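These numbers come from the heavy atoms of this one structure, side chains and all, not from hydrogens, waters or symmetry mates. Remember, it's a predicted structure, so these values are computed and weren't measured experimentally. The sequence lines fix the lettering, A, B, ..., with proteins before strands; numbering per chain opens at 1.
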Amino acid sequence: MAFSLAAKLRQKPAVNVDIKAIDLTDRAFAVSTPQNMEALANSLRFAGLLHTVWLRPKGSHYQIISGFLRVQSCLELGWETIPAQVLAEDITNLEMARLAIMDNLAARPLNVLEEARAIALLRKHTASEEAFSRNLNELGLSQNPKHWAKLNKLLQLPAITQQAVAGDLIALSVGEELAEFNEEIILHFTDIFVKGKVGLNRQREFIRLVFELGCIKDLPPEAVFELPEFGAVWHNNAETDQRKKALLLLEWLYQTRYPHLTAARNAARKKIAGLGLDGRIRLNMPENFENLRHSLSFSFESKAELLELLDLCLKMAADDNLNKLFQRDEV
Amino acid sequence: MQIKHLYVDADLREHPAVSQISRNLGLAATPITSRDEIYRELAAANDPVGAGKERLLLTQNKGAFIKKCPGTKEYICCGYQILHIGTFCTMDCSYCILQAYFHPPVMQYFVNYNDMEAEIAALLAQKQIFRLGTGEFTDSLIWEPWTELSERLVPLFGAQNYGVLELKTKTVEIARLQNLPHNGKVVLGWSVNTPKVIKEQERGTAGLANRLKAVQTAQSWGYNVALHFDPLVLYEGCIAEYETVIDQIFDLLNPAQIAWISLGSFRCMPELLDIVAKRFPKSKLPYGEFITGQDAKMRYFKPLRLQLYRALVKRLQRRGPNVLAYFCMEDPEVWRATFGFNPEARGGLSHMLDCTIKAMCKLKG
């Protein structure tokens, strides 16, 4: 396969193509995602086009097989023509797909979105499972069907979410979870995750809490985003730091999902604060309040400091306020 | 759900129980040499758990028939022993732990009765009081229409003086128990819940009124009975509804024939919640205010449990002051906050239950 394509490609030299004749909207063979466009523009200004783009005649226009970013950048730089290899019509769609993938693979490792597009391209243009598998193998792409399924779900997400996954702002596994929701919900989550720079575990927590709150309140998940309290934290909050706003939102979701546990934690914090502990001593509340076993922790670097801290602990033990820690508040 | 496929381990195809069960079910038993054949079918089903409820494998219990209930040190266990007669259930309760317990879940019934009876004989030979039940890995009475299990077990227990057998169920399949010589040594136990929980979470089970009617009938046949409020499910208005169930029980039944009443709030392995959410999308059960308990199981936040328990214990003490009520897998703090004592102070929960049945069932030991 590779040998026959090389033979076909040798037949034609590069030519200058009118850049306006290239259809940038036809992304049938697009693999690349927007990279550092400024660096590309600088390179084009300094050294010109180092690597020709690959086009195929299609009606009155040219279809891009490889070089979407380069064509886009040249257009923005005001170039009127661009050097291109114009592919012969006898090259098959599968060969085009392989060419598009190989050209990207030669430039850099593919990100997950590019990998998803590459695998989907091969899937579309191979006639059998055996041919699909062989092509994946020859191109060094994943042979794992579970991984394909994840990547396939990524392609079902809105473009902005796909880009967020490609840019590592949303984890691929989270993208897979998001694909279970409708577009409105996915965009809500994307907005929060991207603006709030939310980490992987918290992304998962957000999704779970929104879904569960919807179930509890008999609301579809999208309606949770419309709750006034949600808007008050995310949209109308005076806090300008989006990361802090995302944390406040998560806190509100948690508090609404677990009202009694949150209230117990807040009450315990107050009780502990009421003891006026030295900052070096930490009094830890019981985990989930399943029992009333508290713990103390502190560190010291001399015998004198240890004695001082123990003395403070004894004073705390004598404080009547300590008893409040062992009283359960009624719900 | 109805059994639609019957399988038998190939080397058991001539076992007399197989032809009996096959005849009663109206299904030919397909001999299998490997369980993989069934597992493959289940794996290919949209709902493997539901598919497992339609398939019954007649096989041998190659392990122990009698097992200790797996308690944990953090929570107080009743010291019950399990008689492992089979696995899984034709009824479909959302909260059923068996959905997550067996991989994959499939109904199995053990036909090596001789081995089972030998283990029971060995237990009786110890001449110590024990409580044994078949309702841990399955419902005790779903097997009634197809098997001769009760005809074997009830007379066996009726003829001894050291242990009681509890048959625990959500069915009303008691007809064949009427004339068996139980001699007061068999306790018929019913899991009870509010009509709302039964309707929403216990697919294919008997309704509360029918269950209570069956309990009443069992008492009229001289059986001692047990009632299990397990799992207690928290929802708005649940306290009043559970109190009503308690009232109905004491309005209908003879308290002197109630061996015990247990209380246990919903708890489960974390992975069960995902199964419930998937298999019962309308159920709100997975969205309770759960915490991870000291045994790593999900439980309702303790103050919420206590609120419900306090109300129910108060009602139980008012309506049935002489009936032994206890918690299934709760800690000493819960006991003290509701019953006002820690079972340890009375010799332990297991001892309390043993004393009760010793008197009620006239046991020796």
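Around the CZ atom of A:Arg208, the shell of radius 6.0 Å holds more than 12 heavy atoms that belong to other residues, nucleotides or ligands. Within 6.0 Å of CZ on B:Arg310 lie more than 12 heavy atoms contributed by other residues, nucleotides or ligands. Taking a 6.0 Å sphere around CZ of A:Phe211, one finds it holds 12 or fewer heavy atoms contributed by other residues, nucleotides or ligands. Taking a 6.0 Å sphere around OH of B:Tyr101, one finds it holds 12 or fewer heavy atoms contributed by other residues, nucleotides or ligands. The number of heavy atoms from other shown groups lying within 6.0 Å of CD1 (A:Ile160) does not exceed 12. When the shell of 6.0 Å around CZ of A:Arg280 is examined, it contains more than 12 heavy atoms from other residues, nucleotides or ligands.
Taking 4.0 Å as the cut-off between side-chain N and carboxylate O, A:Arg328 and B:Glu333 count as a salt-bridged pair.
Minimum interatomic distance between A:Val331 and B:Pro303 (heavy atoms only, all atoms of both residues): CG1-CB, 3.3 Å. Annotation for A:Tyr258 and B:Gly288: closest pair CE2-O, 4.5 Å, computed over non-hydrogen atoms.
Of the atoms belonging to B:Pro286, it is backbone heavy atoms, and not side-chain ones, that fall under 4.5 Å from chain A. Neither the backbone nor the side chain of B:Tyr235 comes within contact range of chain A; no heavy atoms are under 4.5 Å apart. With a 4.5 Å cut-off on non-hydrogen atoms, A:Glu287 does not touch chain B at all. Residue B:Gln294 touches chain A through both its backbone and its side chain, counting heavy-atom pairs closer than 4.5 Å.
Atoms CG and NZ, from A:Leu261 and B:Lys302 in turn, are 13.5 Å apart once rounded to the nearest 0.5 Å. The structure places OG1 of A:Thr262 at 7.0 Å from CD of B:Glu289, a figure rounded to the nearest 0.5 Å. Taking CZ from B:Phe301 and NE2 from A:His260, the interatomic distance works out to 8.5 Å, rounded to the nearest 0.5 Å.
Not a single donor-acceptor pair under 3.5 Å links the side chain of A:Glu290 to the backbone N or O of B:Thr292.
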